[in-house]
Amino acid sequence: MKQTTNSILMIRPVAFRMNEQTAVNNYYQKVLDNLLPATVNAKAQQEFDSFVEKLRAVGIDVIVVEDTLNPDTPDSIFPNNWISFHENADVVLYPMFAENRRKERREEILDILEDKGFEIENILDYTDAEQDGFFLEGTGSIVLDRANAKAYCALSPRADEELFIEFCEDLDMHPIIFEAFQTVNGERKQIYHTNVMMCIGDTFAVICSDCIDDKKERKMVLDFLKADGKEIILITEAQMNNFAGNMLEVCGSNEKRFLVMSESAHQSLTQKQIDQLEKHAQILSSSLDTIEACGGGSARCMMAEIFLPKSNI
């Protein structure tokens, strides 16, 4: 199995704003009081378009789908939470914590991908769990090491343990379960998504291990990464708060590796960390300040990787 892909799906926002339904446990979100909603959306669109341009310029196949005004989906810019695409032609649909995020699931997106030659054979749909109040938010809640058939998950209100184990059984992956925390107003609170505190590339892993308060769990996670031969690059909680954990390795033209992140993540890194990372992939960063502030997510959240096989037609 491959760990990196050349194809990604991105959703261009039409009504992006801070989502009041997700702010209850996403401590990264902020209200930009002095900006009108239309201004926030226009800034987000500018950041989105510039980001897509940079990705395409290095040969990454970016499939952009425009969001629709109805239904109201302020977080549609983060598709990796509701869908994932796999090498065996499986598509997985995930149960979402916020009710207005459930409306992001659009069947026509699968039609668009099939029209572009991607094969879809099987849909694994976990969305019924929403009715019982259980959630698992895609590659936000789960960080996949596809090549080594491992899945990492920091439990939270958006990542249910039993559902995660079921997912791992269905996809034949080994579950690695732990808890991760961040300090919010002097209190330790569960991190809402695993992908803000860790990223797994082909030959490296970026992780804020300080977030894993339980020393046994911390050692277990690091041991699994080391056993798979990953070079571990540790980041601090302050760097994580600048989205330095929210990175994704992708393939550009001629199989060239790029590590994609926001400008704020890039600027938070030390020269030593940059040198470590650039042994594995070239850093590609783009300014996502408005998206990060209002959405509480960053570069990785905006990209749903497509690993589906392509038909030879």
Side-chain angles (χ1 to χ4, degrees), residues 7-24 26 29 31-32 35-56 60-85 91-118 120 123-131 135-141 158 193 195 248 286 288-306 308:
S7 299
I8 54 176
L9 167 74
M10 294 179 70
I11 308 292
R12 188 173 189 270
V14 292
F16 176 80
R17 64 171 196 278
M18 177 175 149
N19 185 354
E20 58 290 341
Q21 292 186 19
T22 55
V24 292
N26 179 342
Q29 286 174 251
V31 179
L32 299 179
L35 294 181
L36 291 167
T39 311
V40 168
N41 185 65
K43 282 176 170 289
Q45 285 180 332
Q46 283 171 351
E47 289 172 3
F48 180 94
D49 293 342
S50 170
F51 185 27
V52 169
E53 207 175 294
K54 285 184 178 183
L55 293 167
R56 286 178 170 163
I60 296 160
D61 173 30
V62 186
I63 295 162
V64 174
V65 175
E66 292 277 340
D67 193 19
T68 52
L69 276 170
N70 285 311
D72 176 36
T73 50
D75 274 331
S76 60
I77 200 168
F78 305 129
N80 81 309
N81 299 140
W82 67 265
I83 195 163
S84 65
F85 308 99
V91 169
V92 184
L93 300 177
Y94 297 91
M96 306 287 284
F97 170 83
E99 285 184 30
N100 62 6
R101 293 215 61 190
R102 298 168 196 174
K103 298 170 183 169
E104 292 173 30
R105 298 190 288 256
R106 290 164 56 193
E107 270 186 42
E108 71 265 27
I109 286 175
L110 300 183
D111 299 334
I112 290 166
L113 294 180
E114 287 186 317
D115 288 345
K116 292 188 177 292
F118 291 101
I120 296 169
I123 295 177
L124 288 152
D125 187 343
Y126 298 102
T127 59
D128 278 355
E130 288 167 350
Q131 292 162 24
F135 313 107
L136 188 67
E137 296 194 331
T139 55
S141 295
R158 306 200 197 182
H193 276 164
N195 78 359
L248 182 68
S286 197
L288 303 172
D289 293 351
T290 309
I291 292 165
E292 288 177 331
C294 291
S298 188
R300 194 278 167 265
C301 306
M302 293 168 68
M303 300 181 282
E305 305 146 275
I306 305 168
L308 299 169

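Computed over heavy atoms, backbone and side chain alike; hydrogens, waters and symmetry mates excluded.
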Rounding to 0.5 Å, atoms CG (N70) and NZ (K103) come to a distance of 9.5 Å
Keeping E130 on the side-chain end and M96 on the backbone end, is there a donor-acceptor pair under 3.5 Å? yes
Nearest heavy atoms of L308 and F118, plus distance in Å: O-CD2, 3.7 Å
Y94 and N81 have their tightest heavy-atom pair at CB-O, 3.6 Å
Note, K43 side chain near D289 side chain (heavy atom, < 4.5 Å): no
Under 4.5 Å between any side-chain heavy atoms of F51 and L288, yes or no? yes
Just do the side chain to side chain contact (heavy atoms under 4.5 Å, CB included) check on L136 and Y126 with the steps written out, would you? CA-CA 8 Å; L136 188 67; Y126 298 102; 5.7 Å; no
Can you tell me if CD on E66 sees more than 12 non-hydrogen neighbours from other groups inside 6.0 Å? yes
Point-to-point distance, once rounded to the nearest 0.5 Å, from CD1 of I60 to NZ of K54: 12.0 Å
Using the side chain to side chain donor-acceptor pair (under 3.5 Å) rule, take E292 and S298 through it: C-alpha gap first, then chi angles, then the decisive distance, then the call. CA-CA 5 Å; E292 288 177 331; S298 188; 2.6 Å; yes
Determine whether S141 and F135 make a side-chain contact, defined as any pair of heavy atoms from C-beta on separated by less than 4.5 Å. no
Can you tell me how far apart CD1 (I8) and CG (L248) are? Round to the nearest 0.5 Å. 7.0 Å
Does P79 reach the side chain of M10, with side-chain heavy atoms less than 4.5 Å apart? no
Result of checking L110, I306, I123 against I83 for side-chain contact (heavy atoms from CB on, under 4.5 Å): L110
Does the side chain of N80 come within less than 4.5 Å of N195's, by heavy atoms? yes
For the atom pair OG (S286) and CG (L55), what is the distance rounded to the nearest 0.5 Å? 7.5 Å
Expected output: side-chain E137 to main-chain F97 donor-acceptor under 3.5 Å: yes
CD of E53: more than 12 outside heavy atoms within 6.0 angstrom? no
Contact summary for V64 and R56, nearest pair of heavy atoms: CG2-NH2, 3.6 Å
Measure the CZ-CG distance between R105 and L93 for me, rounded to the nearest 0.5 Å. 7.0 Å
Quick one: CG on L9 to CE on M303, what's the gap to the nearest 0.5 Å? 11.5 Å
Output yes when a side-chain donor or acceptor of D75 lies under 3.5 Å from a complementary backbone atom of R101, and no otherwise. no
Quick check: do L113 and F85 have side-chain heavy atoms less than 4.5 Å from each other? yes
I'd like to know if the side chain of E104 reaches the main chain of W82, judged simply by a donor and an acceptor atom lying under 3.5 Å from each other, with no hydrogens or angles considered. no
Restricting to non-hydrogen atoms, name the atom on D67 and the atom on P13 that form the minimum distance, rounded to 0.1 Å. CB-CA, 4.3 Å
Quick one: closest heavy-atom pair of R106 and E108, and the distance? NE-OE2, 2.8 Å
